[in-house]
Amino acid sequence: MSWNLQALFTFVPGTALATNITFQGFSFPVNYAVTGQANYVIQSISFTGHTPPYTGAQGIQVGENLVINAVVANVGNVSQVGQITVFASCSGGPAGNTACSGGGGGGTGNPITTIAAPVAGTAVTATMTATTNGFVPGTYSGTVALTTTLAQSSTADDSLTLPFEAVDFNLSIVVPAGFLETQPGGGATQVRALAGAPSTPTQNVLLGGTAQISVSLDETGNPTPFALLVTATTDNAAVTFPTPTVNVNPNSTVVTTLTTSPAGAVPVTAVYSATNHGATKNAVQVLNYVTASVTPINCSSTVPVTH
């Protein structure tokens with residue numbers, strides 16, 4: 001009689017092992033050996049600073065320094081000495097984008113790293129850094145895979161894929177159409193063109209009066225839009241925002257009223273800032289504080305009047 005036996009990875013490898021096989025009242029002593037095997041698998045993928053699912057505010061921000069963590073485990077029962085190469089790639093997104101090409105195409109750069117093979121029953125985290133400047137907002141698939149010259153029982157589990165979104169945002173000052181003029185150097189001017197930065201929206205404000213600033217959060221193209229905290233500051237301690245930090249909904253405009261003024265007629269720069277996963281965007285509004293006065297004209301009776 002003959003048997004074809006196969007041990008699971010839970011069995012401890014060994015030689016000169018013995019057992020008894022009992023069949024219909026007869027007992028047969030059997031000698032056998034268990035030959036172990038390694039099996040390296042990608043157990044999980046995560047992005048530093050992000051919480052799954054990787055959509056909306058937890059998506060990959062265009063321009064962020066993306067750190068990819070891949071857990072590589074040896075689920076076999078043999079430990080080997082050697083190296084495992086781990087690499088990341090992606091696919092998808094809007095048509096024509098180059099985000100998932102190599103570094104020369106403006107893509108992620110195909111991040112790659114090498115780790116020591118984990119011993120049986122343990123795992124090692126492979127860490128890689130990807131560039132994201134070439135991403136366009138959209139839905140993608142990310143894959144981490146491993147290669148090695150070490151023997152293993154299967155290569156079918158050498159890769160893992162997960163979906164993620166690439167997202168982006170912009171802040172801008174909204175200038176009311178009725179107050180829009182063009183400065184000599186270009187750019188938008190609110191009210192009229194007094195001394196102001198040629199490329200920055202400038203609003204003239206009567207000293208002691210109030211100013212209104214409208215800022216817009218644009219998330220065009222994001223598959224799952226999300227709100228962001230927007231912080232407002234000025235370069236003059238006397239001019240403050242009543243609510244310096246505001247939660248702004250995507251693709252919407254928030255209007256802020258400032259009731260404080262500087263000590264004199266000077267320009268004040270207001271800066272709105274928002275940050276998502278290390279990428280910061282700003283919108284700048286110059287407030288040109290001015291004074292106004294009325295000079296009476298003396299109309300003398302000796303001045304001839306002509307018709």
Side-chain angles (χ1 to χ4, degrees), residues 1-24 26-55 58 60 66-93 99-103 107-130 139-165:
M1 291 185 292
S2 63
W3 293 270
N4 183 15
L5 304 177
Q6 185 175 9
L8 301 175
F9 284 130
T10 53
F11 280 77
V12 178
T15 58
L17 303 176
T19 188
N20 288 322
I21 296 178
T22 301
F23 179 72
Q24 292 186 352
F26 295 94
S27 181
F28 305 92
V30 176
N31 296 324
Y32 69 98
V34 175
T35 301
Q37 290 181 303
N39 187 22
Y40 306 107
V41 303
I42 304 291
Q43 279 194 329
S44 66
I45 306 170
S46 63
F47 304 127
T48 297
H50 297 255
T51 302
Y54 302 112
T55 60
Q58 296 302 324
I60 307 306
L66 181 64
V67 178
I68 305 170
N69 306 294
V71 177
V72 181
N74 181 355
V75 297
N77 54 8
V78 163
S79 301
Q80 302 180 100
V81 177
Q83 303 294 312
I84 295 176
T85 299
V86 183
F87 58 94
S89 61
C90 69
S91 60
C100 295
S101 64
T108 59
N110 296 335
I112 188 171
T113 190
T114 301
I115 60 171
V119 301
T122 67
V124 174
T125 299
T127 301
M128 298 162 283
T129 301
T139 301
Y140 297 78
S141 291
T143 299
V144 174
L146 67 84
T147 59
T148 182
T149 58
L150 299 173
Q152 57 173 331
S153 62
S154 173
T155 58
D157 44 16
D158 285 1
S159 66
L160 185 64
T161 298
L162 57 73
F164 68 90
E165 292 178 356

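Scope of the values below: all heavy atoms of this structure, side chains included, with no hydrogens, waters or symmetry mates.
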Sort out for me which residue in Leu146, Val71, Thr161, Thr143 forms a side-chain contact (heavy atoms from CB on, under 4.5 Å) with Ile42.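 Only one option passes, and that is Leu146.
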Matching residue for Met128 among Ile112, Asn110, Val86 - test: side-chain contact (heavy atoms from CB on, under 4.5 Å):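 That would be Val86.
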[X] to [Y] - nearest heavy-atom pair and separation:
X	Y	result
Cys90	Ala99	SG-O, 4.3 Å
Cys100	Ser91	SG-N, 3.3 Å
Ala116	Val124	O-CG2, 4.2 Å
Ala120	Val78	CB-N, 3.7 Å

Would Thr127 and Val67 count as a side-chain contact (heavy atoms from CB on, under 4.5 Å) if you check the C-alpha gap in whole Å, the side-chain angles of each, and the deciding distance to 0.1 Å? CA-CA 7 Å; Thr127 301; Val67 178; 3.5 Å; yes
Is the backbone N or O of [Y] less than 3.5 Å from a side-chain atom of [X], with the two atoms forming a donor-acceptor pair by type?
X	Y	result
Gln80	Ala151	yes
Gln58	Pro53	no
Thr85	Thr114	no

Atom pair [atom1]/[atom2] of [X] and [Y] - distance to nearest 0.5 Å:
X	Y	atom1	atom2	result
Gln83	Thr113	CD	OG1	10.0 Å
Asp157	Gln43	CG	CD	10.0 Å
Leu150	Tyr40	CG	OH	4.5 Å

Listed by chain and number, what are the ring-ring contact (aromatic ring centres under 6.0 Å, His included) partners of Tyr140, not counting sequence neighbours?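 Partners of Tyr140 under the ring-ring contact (aromatic ring centres under 6.0 Å, His included) test: Phe135, Phe164.
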Tyr54: which residues meet the ring-ring contact (aromatic ring centres under 6.0 Å, His included) condition with it, sequence neighbours left out?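 If we apply the ring-ring contact (aromatic ring centres under 6.0 Å, His included) test to Tyr54, skipping adjacent residues, the hits are Phe47.
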Does some side-chain heavy atom of Val75 sit less than 4.5 Å from a side-chain heavy atom of Asn39?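 Result yes, sub-4.5 Å side-chain heavy-atom pair found.
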Is the closest side-chain heavy-atom distance between Pro111 and Thr129 below 4.5 Å?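 Side chain of Pro111 against side chain of Thr129, heavy atoms only: no contact under 4.5 Å found.
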Can Asn69 and Thr48 be counted as having a side-chain donor-acceptor contact under 3.5 angstrom?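 A donor-acceptor contact under 3.5 Å links the two side chains.
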Let me see the working for Asn74 and Gln152 under side-chain contact (heavy atoms from CB on, under 4.5 Å), right down to the final yes or no. CA-CA 9 Å; Asn74 181 355; Gln152 57 173 331; over 6 Å; no
